[in-house]
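A short worksheet on the structure shown next.
Computed from heavy atoms alone, side chains included, the values below leave out hydrogens, waters and symmetry copies. By convention in this document, chain letters (A, B, ...) are assigned in the order of the sequence lines, proteins followed by strands, and residues within each chain are numbered from 1.
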Amino acid sequence: MVSEFMLQQTPVARVLPVWSVWMERWPTPSALAADEPGEAVRAWGRLGYPRRAQRLHAAATVIVAEHGGQVPASLDALRALPGVGEYTAAAIASFGYGQRHLVLDTNVRRVLARIEDGCEFPPTHLTQGERDRRQVWVPDDPAQAAAWAVASMELGALVCTARTPACPSCPVRESCAWFAAGRPAHEGPPRRGQTYAGTDRQCRGVLLGVVRDAAGPVPEEAVLAAWTSDPAQATRALEGLLADGLLRKGAQATVTL
DNA sequence: CACTCGTGGAA
DNA sequence: TTTCCAAGAGT
């Protein structure tokens, strides 16, 4: 569950070291729940999207309060936990409990888009229709389904990659529609296009980083001073971080995690 | 459905 | 140097 949270939009290589330290410190949901949410945010380091740390801590609290400290096995119970969406719930139930679910992450979506649809990339947004069409790929036997979930994801992560897929060494290239079609390039508009420099997101990251890397409470003034290009934006970002509970007001105009 | 929310490494 | 993008979730 911890690794699934950390891997939401963050590469494996960057997650590994943080995950090791985290699991050493908080081996169980109750251990995490007993500590401060701010400590979870601090231990999150620079993995990005620190709200995931906050939600993981909140999920641990719910697990202790409602599930006896054990990560629930049912999809519905998992889905009800903060920070657990369709993918993460299916991943935990499948990888952790050997259940039969469609674990449809970005890797598997790409793999099946190529194999079945002959398209280089899946649509931008996941629809129920796509989900229905992929569901039939899941083996009937739960253990086989769980193994298939891991395998299809690994195939996408290591072989059938987004940029330069290793088709020559792909074990299923003979049954891949995209390969058979000569690997046609993606049609349509660019799939993404988000600038990051100068955004509120970057600003929030800078401000939170100041507090995260400090030993104790940081003067509000010092936090805002970390973003000089647009003071109004800094003020707005700080308010947002406080509203989100990622930062808290301390004594004497200071802020803490 | 569209938008927001971090970060850093590889192409 | 700029762009792309990595095991998504919540509003």
With a 4.0 Å cut-off on heavy atoms, is A:Arg110 in touch with a base, just the backbone sugar-phosphate, or nothing at all?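 Sugar-phosphate: the residue A:Arg110, judged by heavy atoms under 4.0 Å, touches backbone atoms but no base.
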Under 4.0 angstrom, heavy atoms only, what part of the nucleic acid is A:Gln54 near: base, sugar-phosphate, or nothing?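 Here A:Gln54 touches no strand at all.
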Taking [atom1] from [X] and [atom2] from [N], how many angstroms apart are they, rounded to a whole number?
{"X": "A:Asp200", "N": "B:dC5", "atom1": "CG", "atom2": "C1'", "result": "10 Å"}
{"X": "A:Trp19", "N": "C:dA6", "atom1": "CH2", "atom2": "P", "result": "23 Å"}
{"X": "A:Arg52", "N": "B:dT7", "atom1": "CZ", "atom2": "P", "result": "10 Å"}
{"X": "A:Leu47", "N": "C:dA6", "atom1": "CG", "atom2": "C1'", "result": "12 Å"}
{"X": "A:Tyr49", "N": "C:dA7", "atom1": "OH", "atom2": "C1'", "result": "14 Å"}
{"X": "A:Leu16", "N": "B:dG8", "atom1": "CG", "atom2": "P", "result": "17 Å"}
{"X": "A:Asp105", "N": "C:dA7", "atom1": "CG", "atom2": "C1'", "result": "5 Å"}
{"X": "A:Trp227", "N": "B:dG6", "atom1": "CH2", "atom2": "P", "result": "12 Å"}

Determine whether any donor atom in the side chain of A:Thr106 lies under 3.5 Å from an acceptor atom in the base of C:dG8, or the reverse, and answer yes or no.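 For A:Thr106, whose side chain was compared with the base of C:dG8, there is no donor-acceptor pair (under 3.5 Å).
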Answer whether the closest heavy-atom distance between the side chains of A:Leu158 and A:Glu154 falls below 4.5 Å.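 Yes; the side chains approach each other to less than 4.5 Å.
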Side-chain donor-acceptor contact under 3.5 Å, [X] with [Y]:
{"X": "A:Tyr49", "Y": "A:Arg55", "answer": "no"}
{"X": "A:Gln144", "Y": "A:Asp140", "answer": "no"}
{"X": "A:Trp178", "Y": "A:Glu120", "answer": "no"}
{"X": "A:Trp227", "Y": "A:Gln202", "answer": "no"}

So which one's nearest nucleotide on DNA chain B is more toward 5', A:His125 or A:Pro50?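 Nearer the 5' end of the strand: A:His125.
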Positions of residues 203-222 of chain A (non-hydrogen atom under 4.0 Å from DNA chain C), listed by number: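 Nucleic-acid contacts, sorted: none.
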Every protein N/O lying under 3.5 Å from an N/O of nucleotides 9-11 of chain B:
unit_1, atom_1, unit_2, atom_2, d
B:dA11, O4', A:Arg163, NH1, 3.3

Please report the shortest heavy-atom distance between A:Met6 and A:Val15, naming the atom on each side.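 Heavy atoms only, the tightest pair is O-CG2, 3.4 Å.
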On a heavy-atom basis, which atom in A:Met1 and which in A:Ala59 lie closest, and how many Å separate them?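 Smallest interatomic distance, heavy atoms only, reads CE-CB, 3.7 Å.
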Considering only atom C1', compute the distance from B:dA2 to C:dA7 and round it to an integer number of Å.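 Rounded to whole Å, the distance is 23 Å.
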How far, in whole Å, is B:dG6 from C:dT11 if one measures between their P atoms?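 After rounding to an integer number of Å, I get 14 Å for this pair.
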What N/O pairs connect the protein and nucleotides 9-11 of chain C at under 3.5 Å? Give each pair on its own line.
unit_1, atom_1, unit_2, atom_2, d
C:dA9, OP1, A:Gly85, N, 2.9
C:dA9, OP1, A:Thr88, N, 3.0
C:dA9, OP1, A:Thr88, OG1, 2.6
C:dA9, OP2, A:Tyr87, N, 3.4
C:dG10, OP1, A:Gly83, N, 2.6

Just verifying a value: how many Å separate [X] [atom1] and [Y] [atom2], rounded to the nearest 0.5 Å?
{"X": "A:Glu239", "Y": "A:Leu207", "atom1": "CD", "atom2": "CG", "value": "11.5 Å"}
{"X": "A:Arg25", "Y": "A:Asp35", "atom1": "CZ", "atom2": "CG", "value": "5.0 Å"}
{"X": "A:Arg100", "Y": "A:Asp141", "atom1": "CZ", "atom2": "CG", "value": "9.5 Å"}

Name of the residue among A:Arg110, A:Arg109, A:Arg134 meeting salt bridge (Lys or Arg N to Asp or Glu O under 4.0 Å) with A:Asp117: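 Per the salt bridge (Lys or Arg N to Asp or Glu O under 4.0 Å) rule, the option paired with A:Asp117 is A:Arg134, out of A:Arg110, A:Arg109, A:Arg134.
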Does NZ or CZ of A:Arg114 fall inside the cone over A:Phe121's six-membered ring, less than 6.0 Å from its centre and within 45° of the axis?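 Verdict for A:Phe121: a cation-pi partner in A:Arg114.
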